[in-house]
Visitor: 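The structure is given below, and queries will be raised subsequently.
Ligands are counted one by one from 1 in listed order, and the atoms in each one are counted from 1 as well.
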Amino acid sequence: MCGIVGIVGHSEVAGLLYDGLTMLQHRGQDAAGIATVHGSHLRVHKGNGLVRDVFDAKSMALLEGQVGIAHCRYPTAGSEGSDEAQPFYVNSPFGIALAHNGNLTNADALRREVFEQDRRNVNTGSDSEVLLNVFAHELDSQHALTPDAVFAALEGVNRRVKGGYAVVCTVLGLGLVAFRDPHGIRPLVLGKRSGAAGDEFIVASESVALDVLGFERVRDVAPGEGIIITNSGELFARQCAPAAPHATCIFEYVYFARPDSMMEEISVHKARMRMGVTLGEKILRERPDHDIDVVIPIPDTSRDSALEIANTLGVKYREGFIKNRYVGRTFIMPGQGERAKSVKRKLNPIPLEFRNRVVLLVDDSIVRGTTSQQIVQMARDAGAKKVYLASAAPPVRHPNVYGIDMPSREELVAHGRSEKEIEELLGCDWLIYQDLADLETAVAGPKFPGRRFDSSCFNGEYVTGIDADYFERIQQQRSDEAKKKRRAS
Ligand SMILES: O=P(O)(O)OC[C@H]1O[C@H](OP(=O)(O)OP(=O)(O)O)[C@H](O)[C@@H]1O
Ligand SMILES: NC(=O)CC[C@H](N)C(=O)O
Ligand SMILES: [Mg+2]
């Protein structure tokens with residue numbers, strides 16, 4: 001998952017983009033970049049690392065302009081090299097920079113098509129650079145630079161591109177262009193603030209970026225919608241794809257998004273609390289005579305759910321693990337070695353919360369099992385009498401192909417294993433997972449009963465349809481083994 005922001009302001013935007021990126025840092029820790037429009041030139045600075053490491057006073061001073069876009073990256077395609085940091089740029093037509101959150105499932109075919117048919121070279125392994133070239137070609141075919149021409153180009157993009165994508169672009173001579181895939185798999189929200197010089201606009205992955213920069217949340221960009229905000233602050237919006245099932249990625253609510261974000265009119269915080277209530281009720285149904293003394297979250301993301309599980313069970317909630325705030329999110333680290341090492345560095349138990357107690361550990365999800373396996377052992381080492389484990393999400397048994405880097409079934413601890421077998425592998429006394437129907441009901445909440453989501457990593461149903469050989473190919477390109485080999489070479 002990556003974070004994207006685009007702003008059209010009435011004064012310099014680089015500082016706002018930087019602050020916006022820091023609010024989206026949890027979505028991508030590997031690389032960051034900003035592109036601003038300064039007169040007829042584009043200024044770009046990007047590189048590998050956290051936002052705070054990529055930019056300094058000198059690079060920020062270079063990023064002049066009142067229109068710009070920004071990106072923080074969690075790679076799901078290509079390599080982790082700094083040449084694949086975003087935004088990407090093409091000089092023709094007009095000069096376009098693009099930042100993308102998501103993953104294209106037909107990137108390989110498009111790459112060939114773009115080369116053979118559109119005569120464009122894509123210079124990296126990035127699917128986002130492919131997407132930029134498709135957009136550039138479609139815009140070039142319009143022979144004009146008007147909102148109508150851009151919307152027509154976006155229709156072309158949506159016809160050719162498959163997968164999950166939320167995108168911000170700057171087009172020199174026009175302004176900011178933002179669009180979202182026809183199913184709305186990846187999130188994108190529009191905000192506005194009014195000042196003496198007129199309205200300023202922002203488009204971002206999560207509303208938390210708007211809050212902090214003083215923008216009001218106007219609405220989510222609709223699935224398949226294109227938004228244009230011209231350099232002078234005029235806004236145009238149009239549907240650029242035929243209606244398709246709306247399916248926002250449910251994993252955003254489970255793990256990716258910050259709890260203080262509103263996504264598709266649903267509070268992520270409240271969705272996580274409801275997940276805790278439904279899972280607590282399942283525990284009461286399946287283990288009516290449980291002997292749990294204390295509920296302990298595995299920080300950070302599981303806290304909201306864990307608290308509500310404790311309330312539902314009527315037992316104590318305790319923060320038994322302290323998180324080292326200087327270690328980032330482990331799940332989005334690129335290699336298994338680094339992920340495994342980082343769990344120990346990240347979480348340390350307070351023994352008195354475990355000693356002689358029966359503890360229920362709660363995590364938001366169990367994906368590779370890296371975290372839970374170590375945490376169960378840490379709880380035992382800290383003196384717990386028994387260790388139970390609850391996951392606020394169902395077993396992750398299928399690859400994610402829309403922007404979360406879990407491409408290989410074999411790396412998922414739940415793949416090909418029963419819950420009993422997973423329990424044994426993780427070393428807990430019992431393990432309980434949320435049911436998918438309960439998760440979907442909890443996220444939809446009372447306001448949107450029956451809402452559908454992209455739950456593909458739980459049920460293997462891919463809303464865009466997937467070519468038969470796709471999983472085999474991404475497994476070869478993106479498994480931990482393949483990444484290790486690539487880094488070594
Ligand atoms: O089964 P795994 O492969 O270990 O993946 C799942 C774990 O990874 C995530 O935590 P992470 O440390 O990334 O972030 P957090 O601090 O937001 O919980 C998630 O919250 C789970 O704890
Ligand atoms: N997680 C994402 O959104 C990644 C965007 C893009 N596929 C990349 O790898 O850079
Ligand atoms: Mg976690």
Side-chain angles (χ1 to χ4, degrees), residues 1-4 24-33 46 71-81 83-88 98-105 107 124-132 163-167 185-187 205 249 251-252 254-259 272 297-306 321 323-325 327-334 336 339-340 342-343 345-347 361-376 389 391-393 395-396 400-407 411-414 422 425-426 474 477-478 480:
M1 205 59 41
C2 302
I4 57 173
L24 299 176
Q25 185 76 84
H26 59 284
R27 299 181 68 84
Q29 302 170 166
D30 279 46
K46 58 182 185 173
H71 187 265
C72 54
R73 181 173 192 228
Y74 157 54
T76 61
S79 75
E80 289 90 49
D83 56 335
E84 296 193 16
Q86 303 192 31
F88 279 104
L98 173 144
H100 162 220
N101 168 213
N103 191 60
L104 308 190
T105 54
T124 69
S126 164
D127 59 330
S128 312
E129 195 187 357
V130 173
L131 176 58
L132 168 59
Y165 47 99
V167 177
I185 298 173
R186 299 269 62 94
S205 301
C249 172
F251 215 70
E252 290 279 351
V254 169
Y255 167 70
F256 263 100
R258 270 182 50 147
R272 288 184 187 155
I298 300 176
D300 273 324
T301 302
S302 69
R303 283 197 174 110
D304 291 328
S305 303
F321 289 105
K323 186 185 157 188
N324 178 346
R325 67 184 69 187
V327 176
R329 292 185 118 183
T330 51
F331 174 69
I332 61 174
M333 288 174 177
Q336 183 57 17
R339 282 183 216 118
S342 296
V343 174
R345 279 191 263 133
K346 175 175 159 169
L347 297 169
L361 305 181
V362 179
D363 212 344
D364 51 270
S365 56
I366 301 170
V367 182
R368 297 177 178 92
T370 321
T371 309
S372 20
Q373 210 163 7
Q374 295 194 36
I375 287 290
V376 168
L389 182 63
S391 163
V396 177
N400 186 293
V401 298
Y402 299 128
I404 303 172
D405 197 31
M406 32 198 205
E411 287 165 18
L412 305 171
V413 70
I422 306 167
L425 193 83
L426 298 180
I474 52 163
Q477 290 167 11
R478 295 210 57 79
D480 275 332

Visitor: Any heavy-atom pair between the side chains of P75 and D405 that's under 4.5 Å?
Guide: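 They are not in contact (no side-chain heavy atoms under 4.5 Å apart), so the answer is no.
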Visitor: Find all atoms of ligand 1 within a distance of less than 4.0 Å from any non-hydrogen atom belonging to I366, and give their numbers and elements.
Guide: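 Checking each atom against I366, I get 1 (O).
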Visitor: Would you say that Y402 contacts C249 through its side chain, given a criterion of any heavy-atom pair below 4.5 Å between the two side chains?
Guide: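 When only atoms from C-beta onward are counted, C249 and Y402 do not touch, as no gap falls below 4.5 Å.
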Visitor: Counting each atom of ligand 1 from 1 as listed, which ones have a heavy atom of D364 under 4.0 Å away?
Guide: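 Those of ligand 1 that fall under 4.0 Å from D364 are 19 (C), 20 (O), 21 (C).
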Visitor: Distance under 4.0 Å to a non-hydrogen atom of K346: what atoms of ligand 1 satisfy this?
Guide: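 Those qualifying, in numeric order: 11 (P), 12 (O), 14 (O), 15 (P), 16 (O).
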Visitor: Does the residue R339 have a heavy-atom contact with ligand 1, meaning some pair of atoms that are separated by less than 4.0 Å?
Guide: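 False for this residue.
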Visitor: Could you check if a side-chain atom of R272 sits within less than 4.5 angstrom of a side-chain atom of D364, using non-hydrogen atoms only?
Guide: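 Answer no - side chains too far apart.
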Visitor: Quick check: does any side chain N or O of K46 sit under 3.5 Å from a backbone N or O of A31, one acting as donor and the other as acceptor?
Guide: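 No: the side chain of K46 does not pair with the backbone of A31.
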Visitor: Which of the numbered atoms in ligand 1 are under 4.0 angstrom from any heavy atom belonging to D363?
Guide: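 So the answer, numbered in order with elements, is 20 (O), 21 (C), 22 (O).
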Visitor: Please state which protein non-hydrogen atom is closest to atom 5 (O) of ligand 1 and give its distance, to 0.1 Å?
Guide: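 That would be F331 CD1, 3.6 Å.
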Visitor: Check each heavy atom of T370 against ligand 1 and say whether those closer than 4.0 Å belong to the side chain, the backbone, both or neither.
Guide: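 It is both backbone and side chain that touch ligand 1.
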Visitor: Is any side-chain heavy atom of D363 closer than 4.5 Å to one of I375?
Guide: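 Answer no - side chains too far apart.
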Visitor: When you measure from atom 9 (C) of ligand 1 to every protein heavy atom, which one gives the shortest distance, and what is it?
Guide: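 Ranking protein heavy atoms by distance from atom 9 (C) of ligand 1, first comes Y255 CE1, 3.3 Å.
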Visitor: So which pairs with a foot in residues 365-375 pass side-chain hydrogen bond (donor to acceptor under 3.5 Å, both in side chains), sequence neighbours left out?
Guide: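 Every pair satisfying side-chain hydrogen bond (donor to acceptor under 3.5 Å, both in side chains) with a residue in residues 365-375: Q336-T370.
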Visitor: Answer whether the closest heavy-atom distance between the side chains of I4 and Q86 falls below 4.5 Å.
Guide: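 Sidechains of Q86 and I4: no contact.
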Visitor: Tell me which protein heavy atom sits closest to atom 17 (O) of ligand 1, plus the residue, atom name and distance to 0.1 Å.
Guide: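 For atom 17 (O) of ligand 1, the nearest protein heavy atom is T301 OG1, 2.5 Å.
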Visitor: Quick one: look up the protein heavy atom nearest atom 3 (O) of ligand 1 and list residue, atom name and how far away it is.
Guide: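 Nearest protein contact, heavy atoms only, for atom 3 (O) of ligand 1 is R368 N, 2.8 Å.
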Visitor: Which heavy atom in H26 sits nearest to a heavy atom in F256, and how many Å separate them?
Guide: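 Answer, listing the atom of H26 first, then F256: CD2-O, 3.0 Å.
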Visitor: Grab the two heavy atoms, one from G403 and one from N103, that are nearest each other, plus how far apart they are.
Guide: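 Taking G403 first and N103 second, the nearest heavy atoms are N-CB, 3.4 Å.
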Visitor: Against heavy atoms of P299, which atoms of ligand 1 measure under 4.0 Å?
Guide: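 Ligand 1 atoms under the 4.0 Å threshold to P299: 16 (O), 18 (O).
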Visitor: Output the list of atoms in ligand 1 that are nearer than 4.0 Å to some heavy atom of K323, sorted by atom number.
Guide: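 Once the distances to K323 are compared, the set is 16 (O).
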Visitor: Report yes or no: does R73 contribute a side-chain atom to a donor-acceptor pair with the main-chain N or O of D30 at less than 3.5 Å?
Guide: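 Not confirmed, R73 side chain does not pair with D30 backbone.
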Visitor: Flag V367 as yes when one of its N or O atoms lies below 3.5 Å from any N or O atom of ligand 1, and as no otherwise.
Guide: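 Yes; the residue has a nitrogen or oxygen that sits under 3.5 Å from a nitrogen or oxygen of the ligand.
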Visitor: F321 ring centre to K346 NZ or CZ under 6.0 Å, with the angle to the axis within 45°?
Guide: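 Pair K346/F321 does not count as cation-pi.
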Visitor: Give me the nearest non-hydrogen protein atom to atom 4 (O) of ligand 1 as residue plus atom name, then the distance to 0.1 Å.
Guide: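 Result: T371 OG1, 2.5 Å.
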Visitor: Within the 4.0 Å heavy-atom shell around S365, which atoms of ligand 1 are there?
Guide: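 In order of numbering, the contacting atoms are 6 (C), 21 (C).
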Visitor: Does the residue I298 have a heavy-atom contact with ligand 1, meaning some pair of atoms that are separated by less than 4.0 Å?
Guide: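 No; I298 lies far enough from ligand 1 that no heavy-atom distance drops under 4.0 Å.
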Visitor: Hey, which atoms in ligand 1 end up nearer than 4.0 Å to a heavy atom of G369?
Guide: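 Checking each atom against G369, I get 1 (O), 2 (P), 3 (O).
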Visitor: Do R329 and Y255 form a cation-pi contact, if we require the NZ or CZ to be under 6.0 Å from the six-membered ring centre and within 45 degrees of the ring's axis?
Guide: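 Checked: cation-pi criterion met.
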Visitor: For ligand 1, note which part of H26 has a heavy atom under 4.0 Å away: side chain, backbone, both or neither.
Guide: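 Neither part.
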Visitor: Would you check the N or O atoms of S372, main chain and side chain alike, for any that come under 3.5 Å of an N or O of ligand 1?
Guide: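 It does not: no N or O of S372 is found under 3.5 Å from an N or O of ligand 1.
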Visitor: Is there a donor-acceptor pair under 3.5 Å between the side chain of S126 and the backbone N or O of E84?
Guide: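 Not confirmed, S126 side chain does not pair with E84 backbone.
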Visitor: Heavy atoms, side chains only, cut-off 4.5 Å: are F331 and T301 in contact?
Guide: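 Sidechains of T301 and F331: no contact.
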Visitor: Is a side-chain donor or acceptor of N101 paired with a backbone partner of A166 at a separation under 3.5 angstrom?
Guide: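 The answer is no, because no donor-acceptor pair under 3.5 Å joins these two groups.
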Visitor: For a quick check: using heavy atoms under 4.0 Å, what are the residues in contact with ligand 2, sorted by chain and number?
Guide: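 Only M1, C2, R73, Y74, P75, T76, A77, Q86, H100, N101, G102, N103, D127, S128, G403 have heavy atoms that fall under 4.0 Å of ligand 2, ordered by chain and number.
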